[in-house]
Amino acid sequence: MIKSLIKKYLDECFLQGLEQGLWSDAAREVYAVEDPKFEGQGDYATNIAMVIAGKEKKATGKKMNPRQVAEQVVGLLEKNTTLFDKMEIAGPGFINFFIKESVWQSVIPAVCAAKDAFGRASEKNGKRVLVEFVSANPTGPLSVGHGRQAVLGDSIARLLEAVGYDVDREYYYNDAGRQMRVLGESTRARYLELLGLPFEFPEDGYQGDYIRDIAQSLVDTSGDGLKDEEDVTPFKEAAEKSIFKDIDGTLNRLDIRFDNYYNEHSLYENGLVDDVVASLREKGLVYEQDGAVWFKTTEFGHEKDRVIIKSSGEPTYRLPDIAYHREKFKRGYDWMVDIFGSDHIATVPDVMAGVTALGYDQSKVTVILHQFVTLMRDGQQVKMSTRKATFITVDELLDEVGTDVARFFFLMRKADSQLEFDLDLATKQSQENPVYYVQYGHARLAGIARTAGEKGADRGALDGASLSLLVEPEEQHILKAMAAYPTLVQEAALDLAPHKIVYHLQELAALFHSYYNKHRVIGDDKDLSRARLWLCESLRIVLHNGLILLGMSAPDTM
RNA sequence: GCGCCCGUAGCUCAGCUGGAUAGAGCAACGGACUUCUAAUCCGUAGGUCGCAGGUUCAAAUCCUGCCGGGCGUACCA
């Protein structure tokens, strides 16, 4: 919040300097307000003088001395703002800002007034965004890979909500197709097996125990009534229903709820798939060859054209994907976020070519391709195979580590990085586990307020608190980190990067634990105690908001 | 071969719209509990930011090439 204020003042000064002819327009919006790395370089710094000098040289050939420019900027800032204790020009032309203590202290009332809303913004109010994630076909329980995607997608959705977006969470699935047929056949085989009848298990069938469970429930409800059934449909449907129920249960355990389940099948039933082909054909982007229908993706710079309808008459996955994305556009979203595993990399360019060909603006779609998860146990990688059902399911993971730990670990890394999920670390109820580190910070803060209440030393009214007593360096650091939180939420939301919140929460917790060990909150000096209690309360609010934003709990005791 | 991602401390990773002396956690070592929860804190040690060029006042960050790892590269999804 302070940082964006400085940026605002800086922008004003830039424009004033522009009017006064001090510099040209070349550097507009290129400079930045940054966090200096070292003590003594102020609370914030800006590179504006160097940027102006640099751009000026490039644009007009005019040579400017960055330090002189810095002096001009400082002169303008002095007239416009009262935020600073002092400003210093340093190094090649940095301007270092030293913020007044009273400005930091004002963070407390700001946080306490906003409470749960601290860190939330309304700038995107009314904008609609669709977040598509998980989208696993109902052929089996969610694996840890899906788990990462589920948590990532949901947290991104929460972040977008926090900056004001109206968010729809959508799950796209296909219950037709070969995969599902094999699923049905696998179920039938297990069913016959349970009845003691001869059976043939499909070569590439699903071997997980969950198939046996589904078959058993069919035996329970239908006896041997299905033993001569030629059609695989009843088996398929039973399996689908049961698996979806499980998936739903798993997602619930992760505290994830979808607004909409979109069935690929409906695209066919409503003729939307055919319609896409017709539209592309009209534009001359489709041709027939070898009995198949091809989409001229080479027109969009791709290496080769792609088949969209096989010679068998069946569409490839690309076609409904394109139709689905066109529907997203038609539904009027301002932004569409797709979250896929990195194995979907090949489909993305084709779908983008498709929507572009149909006249939509592909820049409204952002695709996050997250890398894979490897599970580590006892220092060894846990090998997983979907077919052989040796994968670890999200449910098993949750049984072992719980929702908070699972969510936190899945969010610790940026999507681009492969994620190593260390079960040994995750199951540790103590010490090194970073989840407890953050939550313990919250619990401690809540505990301080409790103890104060019991001792009859509660914090009283905020109006009466002498916040100016909060002058310790540790207190300043905490105030500064709290002030940075809203900016961070914005950044994380627009970058679709929840891991930034994770890191910030760890930093907040570290600052607090350190403070806690060095200073006593409740003491003989009543005024100081009250001020510190308010500091703690506002920090508790920030930690609470951050944990909730990530879909975790903020415990009062541990 | 081609496309995308990754390569930073012993391990796992932040930092990458270029900024001033490279960060965290874990592991290692040494300390701190009669005091608001020690699931904590303090300190020590640990680095050619994969390699080589280039752009720049300034490169872990941008560009090019190479090396290593992952994922794709289907008339599978």
Side-chain angles (χ1 to χ4, degrees), chain A residues 29-30 32 34 36-38 41 45-47 50-51 53-54 57-58 66 90-94 96 135-137 139 174 177-179 264 289-294 302-304 306-318 320-321 341-349 369-372 374 376 379 412-422 424-425 428-441 443-452 454-455 457 495 499-500 502-503 506-507 509-510 512-523 529 532-533 536 557-558:
Chain A
E29 286 300 313
V30 187
E34 299 159 333
K37 284 181 193 159
F38 302 97
Q41 294 176 346
T46 179
N47 59 357
M50 289 173 295
V51 172
K57 194 173 148 198
K58 210 161 258 178
F94 289 102
N96 295 332
S135 295
N137 290 342
T139 57
N174 178 16
R178 203 186 65 89
Q179 273 187 356
E264 179 180 326
Q289 188 184 307
D290 305 328
V293 179
W294 296 70
H302 297 189
E303 206 178 335
K304 50 185 177 184
R306 299 291 183 180
V307 170
I308 50 175
I309 300 177
K310 297 185 246 178
S311 51
S312 66
E314 274 180 300
T316 63
Y317 62 88
R318 290 183 194 91
D321 274 4
S342 61
D343 54 335
H344 282 64
I345 179 71
T347 87
V348 174
L369 291 162
H370 70 268
Q371 299 292 314
F372 287 167
T374 49
M376 302 293 284
M412 274 201 296
R413 308 298 177 221
K414 62 174 184 235
D416 282 345
S417 293
Q418 288 181 40
L419 187 150
E420 186 164 297
F421 198 117
D422 186 342
D424 304 319
L425 182 59
K428 271 186 193 160
Q429 291 273 327
S430 63
Q431 297 233 356
E432 315 85 351
N433 195 326
V435 182
Y436 297 111
Y437 185 80
V438 175
Q439 290 185 320
Y440 183 50
R444 260 188 164 172
L445 285 159
I448 289 172
R450 257 194 323 271
T451 307
E454 286 159 12
K455 289 187 176 174
D495 291 353
H499 77 276
K500 294 189 175 186
V502 173
Y503 276 85
Q506 292 187 93
E507 190 191 328
F512 168 64
H513 287 310
S514 181
Y515 175 61
Y516 179 91
N517 273 273
K518 190 161 176 186
H519 302 286
R520 289 196 62 81
V521 173
I522 304 164
S529 293
R532 287 182 170 175
L533 282 165
C536 287
T557 56
M558 284 176 76

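All heavy atoms count here, side chains included; hydrogens, waters and symmetry mates do not. All chains are named by letter (A, B, ...) in the order of the sequence lines, taking the proteins before the strands, and each is independently numbered beginning at 1. Here the structure is a predicted model, which is why all the values come from computation and not from measurement.
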Determine which bases of RNA chain B form Watson-Crick or G-U wobble pairs with both distances under 3.5 Å, and write the result as a 5' to 3' dot-bracket string with | for other-strand partners.
-> (((((((..((((.....[...)))).(((((.......))))).....(((((..]....))))))))))))....
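Base contact: A:Tyr516 has a heavy atom under 4.0 Å from a base atom. Counting non-hydrogen atoms under 4.0 angstrom, A:Ala32 reaches nothing in the nucleic acid. Contacts of A:Asn96 with the nucleic acid, taken as non-hydrogen atoms under 4.0 Å apart, include base atoms. If you check every strand for non-hydrogen atoms under 4.0 Å, A:Gln41 touches a base. Nucleic acid contact class of A:Ala45 (heavy atoms, under 4.0 Å, all strands): base. Note on A:Ala443: a base of the nucleic acid sits closer than 4.0 angstrom, heavy atoms only. At the heavy-atom level, A:Ala346 lies under 4.0 Å from the strands shown only through sugar-phosphate atoms. A:Asp290 comes within 4.0 angstrom of a nucleotide base, judged by non-hydrogen atoms across all strands. Among the atoms of the strands shown, none is found under 4.0 Å from any heavy atom of A:His302.
B:C63 and B:G19 are spaced 14 Å apart, taking the P atom of each and rounding to whole Å. Look at the P atom in both B:G53 and B:U44: the space between them is 36 Å, to the nearest Å. Between the P atoms of B:U56 and B:A22, the separation comes to 24 Å (whole Å). Between B:A60 and B:U48, the distance separating the two P atoms is 14 Å to the nearest Å. Comparing B:U73 with B:G18, their C1' atoms are spaced 34 Å from each other, to the whole Å. For B:C67 and B:C11, the C1' atoms lie 23 Å apart once the distance is rounded to whole Å. Distance check on atom P: B:G43 versus B:G50 gives 29 Å, rounded to whole Å. B:C66 and B:C4 have their P atoms separated by 14 Å, given to the nearest Å.
Comparing atom distances between the A:Glu420 side chain and each of B:C13, B:G15, B:C76 picks out B:C13 as nearest. Taking only side-chain atoms of A:Lys500, from C-beta outward, the nucleotide of B:G15, B:A39, B:G72 with the closest atom is B:G15. Taking every side-chain heavy atom of A:Tyr437 into account, B:U40 is the closest of B:A77, B:G19, B:U40. In this structure, the nucleotide among B:C13, B:G15, B:C36 sitting nearest to the side chain of A:Arg413 is B:C13. The A:Arg444 side chain lies nearest to B:A38 when the options are B:A38, B:A77, B:C41. Comparing B:C76, B:A20, B:C71 against the side chain of A:Asp343 picks out B:C71 as the nearest.
Separating the CD atom of A:Gln506 from the C1' atom of B:U40 is a distance of 15 Å, rounded to the nearest angstrom. In this structure, the CD1 atom of A:Ile448 is 10 Å from the P atom of B:C36, given to the nearest Å. If you take CZ of A:Arg306 and P of B:G72, they are 15 Å apart, rounded to a whole angstrom. Spacing between atom CD of A:Glu34 and atom C1' of B:G23 amounts to 17 Å, rounded to whole angstrom units. One atom, CE of A:Met412, and another, P of B:C26, lie 12 Å apart when rounded to the nearest Å. Taking atom OH of residue A:Tyr515 and atom C1' of nucleotide B:C42, one finds them 18 Å apart after rounding to whole Å. One atom, CE of A:Met376, and another, P of B:U12, lie 8 Å apart when rounded to the nearest Å. In this structure, CG of A:Asn517 is placed 11 Å from P of B:A39, rounded to the nearest angstrom.
Contact record, A:Cys536 with A:Ile448: SG-CD1, 4.2 Å, taken as the closest heavy-atom pair. Contact detail for A:Gln506 and A:Pro434: the closest heavy-atom pair is OE1-CB, 3.4 Å.
For A:Asp343, the side chain to side chain donor-acceptor pair (under 3.5 Å) test picks out no residue, with sequence neighbours left out. The side chain to side chain donor-acceptor pair (under 3.5 Å) test applied to A:Gln179 returns A:Asn137, not counting sequence neighbours.
Below the 3.5 angstrom threshold, one finds a donor paired with an acceptor across the side chain of A:Tyr317 and the base of B:A77. With hydrogens and angles ignored, a donor-acceptor pair under 3.5 angstrom links the side chain of A:Asn47 to the base of B:G19.
Separation of atoms CD1 (A:Ile308) and NZ (A:Lys310) is listed at 13.0 Å; rounding is to 0.5 Å. Here CG of A:Leu425 is found 6.5 Å from CE of A:Met412. Values are rounded to the nearest 0.5 Å. Separating the CD atom in A:Gln371 from the CG atom in A:Leu419 is a distance of 10.5 Å, to the nearest 0.5 Å.
Taking 4.0 angstrom as the limit, A:Lys304 places a side-chain polar atom (N or O) nearer than this to OP1 or OP2 of B:A74. A sub-4.0 Å separation between OP1 or OP2 of B:G15 and a side-chain N or O of A:His499 is present. In terms of phosphate contacts, A:Arg318 brings no side-chain nitrogen or oxygen within less than 4.0 Å of OP1 or OP2 of B:C76. Between A:Lys518 and B:A32, a side-chain N or O to OP1/OP2 separation shorter than 4.0 Å is absent.
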Output one line per pair: protein atom, nucleotide atom from nucleotides 3-7 of chain B, and distance, for all N/O pairs under 3.5 Å.
from: B:C5; atom 1: O2'; to: A:Asp416; atom 2: O; distance (Å): 2.7

Between the protein and nucleotides 54-63 of chain B, which nitrogen or oxygen pairs are less than 3.5 angstrom apart?
from: B:C57; atom 1: OP1; to: A:Lys57; atom 2: NZ; distance (Å): 3.4

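Per the stacking criterion (ring centres < 5.5 Å, plane angle < 30°), A:Phe94 does not stack onto the base of B:G19.
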Can you give each donor-acceptor pair under 3.5 Å made by side-chain atoms of residues 513-523 of chain A, sequence neighbours left out, with the distance rounded to 0.1 Å?
from: A:His513; atom 1: ND1; to: A:Arg444; atom 2: NH1; distance (Å): 3.1
from: A:His513; atom 1: NE2; to: A:Tyr437; atom 2: O; distance (Å): 3.1
from: A:Tyr515; atom 1: OH; to: A:Glu475; atom 2: OE2; distance (Å): 2.7
from: A:Tyr515; atom 1: OH; to: A:Arg532; atom 2: NE; distance (Å): 3.3
from: A:Asn517; atom 1: ND2; to: A:His513; atom 2: O; distance (Å): 2.9
from: A:Lys518; atom 1: NZ; to: A:Glu474; atom 2: OE2; distance (Å): 3.0
from: A:His519; atom 1: NE2; to: A:Glu474; atom 2: OE1; distance (Å): 3.0

